[in-house]
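These notes concern the structure reproduced below.
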Amino acid sequence: MTSQRTRDRLIERLSERGITDNTVLNVIRGTPRHIFLDEALSHRAYEDSSLPIGFQQTLSQPYIVARMTELLLANGPRERVLEVGTGSGYQTAILAQLVGRVFSVERIRPLQEKARQRLRQLGLSNVQLRHADGGMGWKDRGPFDAILSAAAPAEVPQELLAQLAMGGRLVIPIGPQGKQQALYVYDKTEEGIQEQIIEPVLFVPLLAGLLS
């Protein structure tokens, strides 16, 4: 189930669903998603579905990973990117192959430690991890050319908008848990913050506090 043919079928499905950035598709094709799952679920790694990773968290659906990454890169290359919610490390790994540096925060330490091992296994050395409350971002490492959130707050965190560089972009799901959520894009321009609503989504909530 981890064969190249299986991965190629996933890429075909993503293309059929409207992902057009070939650079993003090629990185997803070449990234072993099965290593970001417990062995019992690894046979499902190349389905286009979200999968549990423990602590009531999920490995995001490949379509969503591809869509958010494509949106993040739509206005050109990004050098410094903040990821809110490292989780399994899969989205982190995709970003690390497409941008200059990734700064990723995770509130659940056991997930962060697993992600660190997987990123090391893949030889991705341009990632810096922090055990922190993601909603607050990582002010000391900002401003960022782009920010991607893998969890949904009820409303856009002003702290994250404040950490965007001019011309920067925030890609984030917003909405209450268990109710209608949508994927939003915020661009920081000379005229102020510009908002776009992209499509309906379903994400775990962005929670405050740390778990060790």
Side-chain angles (χ1 to χ4, degrees), residues 1-14 17 19 24-69 72 81-98 102-135 148-153 171-173 177-178 181 183 201-212:
M1 289 300 292
T2 61
S3 69
Q4 193 60 52
R5 183 180 300 175
T6 306
R7 298 188 199 190
D8 289 343
R9 280 200 296 269
L10 172 60
I11 298 306
E12 289 172 12
R13 284 195 291 272
L14 298 183
R17 293 198 62 183
I19 304 300
V24 172
L25 290 171
N26 285 334
V27 166
I28 290 176
R29 177 186 280 112
T31 302
R33 191 171 184 250
H34 60 278
I35 73 168
F36 296 91
L37 290 163
D38 289 339
E39 191 173 346
L41 286 172
S42 62
H43 66 286
R44 298 184 59 192
Y46 300 98
E47 297 176 4
D48 188 20
S49 59
S50 60
L51 295 166
I53 57 172
F55 299 92
Q56 297 180 304
Q57 303 298 300
T58 59
L59 173 62
S60 291
Q61 176 187 7
Y63 168 75
I64 289 295
V65 170
R67 186 74 171 113
M68 293 180 75
T69 305
L72 183 134
V81 174
L82 171 67
E83 179 190 31
V84 176
T86 313
S88 70
Y90 177 67
Q91 173 76 77
T92 322
I94 299 299
L95 288 173
Q97 296 172 78
L98 292 164
V102 180
F103 301 85
S104 187
V105 295
E106 173 56 56
R107 59 183 289 270
I108 303 171
R109 191 181 293 278
L111 291 182
Q112 182 194 53
E113 291 307 317
K114 280 188 177 182
R116 189 187 306 278
Q117 294 168 13
R118 292 158 176 161
L119 295 168
R120 189 176 296 131
Q121 180 180 344
L122 294 174
L124 297 171
S125 58
N126 60 334
V127 179
Q128 192 168 347
L129 302 179
R130 184 187 187 199
H131 183 224
D133 185 332
L148 183 150
S149 178
V171 181
I172 186 169
Q177 183 180 12
Q181 299 174 346
L183 187 60
V201 290
L202 183 62
F203 274 78
V204 296
L206 180 64
L207 299 176
L210 303 179
L211 292 177
S212 294

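None of these values were measured; they are calculated from a predicted model.
The distance from atom CG of L148 to atom CD1 of I94, rounded to the nearest 0.5 Å, is 11.5 Å. Between atom CD of residue Q117 and atom CD1 of residue I35 there is a gap of 10.5 Å, rounded to the nearest 0.5 Å. With rounding to the nearest 0.5 Å, the separation of OH in Y90 from CD1 in I28 is 5.0 Å. Here the CD1-OH distance, from I11 to Y46, works out to 10.0 Å after rounding to the nearest 0.5 Å. R130 CZ to S104 OG: the interatomic distance, rounded to the nearest 0.5 Å, is 12.0 Å. Put simply, NE2 on H34 and CZ on R7 are 6.0 Å apart, with the number rounded to the nearest 0.5 Å.
Across all their heavy atoms, L14 and A66 have their closest contact at CD1-CB, 4.2 Å. Residues G89 and L119 share a closest heavy-atom pair of O-CD2, 3.9 Å. The heavy-atom pair separating S49 from R44 by the smallest distance is OG-NH2, 4.1 Å. When all heavy atoms are compared, the tightest approach of A93 to F36 is CB-CZ, 3.8 Å. Closest heavy-atom contact between P173 and P153: O-CD, 3.1 Å. In terms of heavy atoms, G87 sits closest to A115 at O-CB, 3.8 Å.
Two residues are said to be in side-chain contact when any heavy atoms from C-beta on lie closer than 4.5 Å; L122 and Q97 fail this criterion. Side-chain contact between P62 and R33 is present, with heavy atoms from C-beta onward closer than 4.5 Å. Considering only heavy atoms from C-beta on, M68 stays 4.5 Å or farther from L95 through its side chain. Side-chain contact between L124 and V102 is absent, with no heavy atoms from C-beta onward closer than 4.5 Å. Inter-residue side-chain proximity for Q61 and E47 is flagged as unmet; no heavy-atom pair is nearer than 4.5 Å.
Between the side chains of T92 and E83, at least one donor-acceptor pair of N or O atoms lies under 3.5 Å.
Of the possible donor and acceptor atoms, none in the side chain of Q128 sits under 3.5 Å from a partner among the backbone N and O of F103. Judged purely by atom type and a 3.5 angstrom limit, Q181 uses its side chain to pair as donor or acceptor with the backbone of F203.
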message = Test side chain to side chain donor-acceptor pair (under 3.5 Å) on S88 and Q57; report intermediate values, then the result.
response = CA-CA 9 Å; S88 70; Q57 303 298 300; over 6 Å; no
Using the rule given for side-chain contact (heavy atoms from CB on, under 4.5 Å), can you reason through Q56 versus V204, listing the C-alpha separation, both sets of side-chain angles and the distance that settles it, and then say yes or no?
CA-CA 8 Å; Q56 297 180 304; V204 296; over 6 Å; no
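Residues that satisfy the salt bridge (charged side-chain N to carboxylate O under 4.0 Å, His left out) test with R13, not counting sequence neighbours, are absent from this structure.
Of the charged side-chain nitrogens involved, none lies within less than 4.0 Å of a carboxylate oxygen, so that E12 and R9 do not count as a salt-bridged pair.
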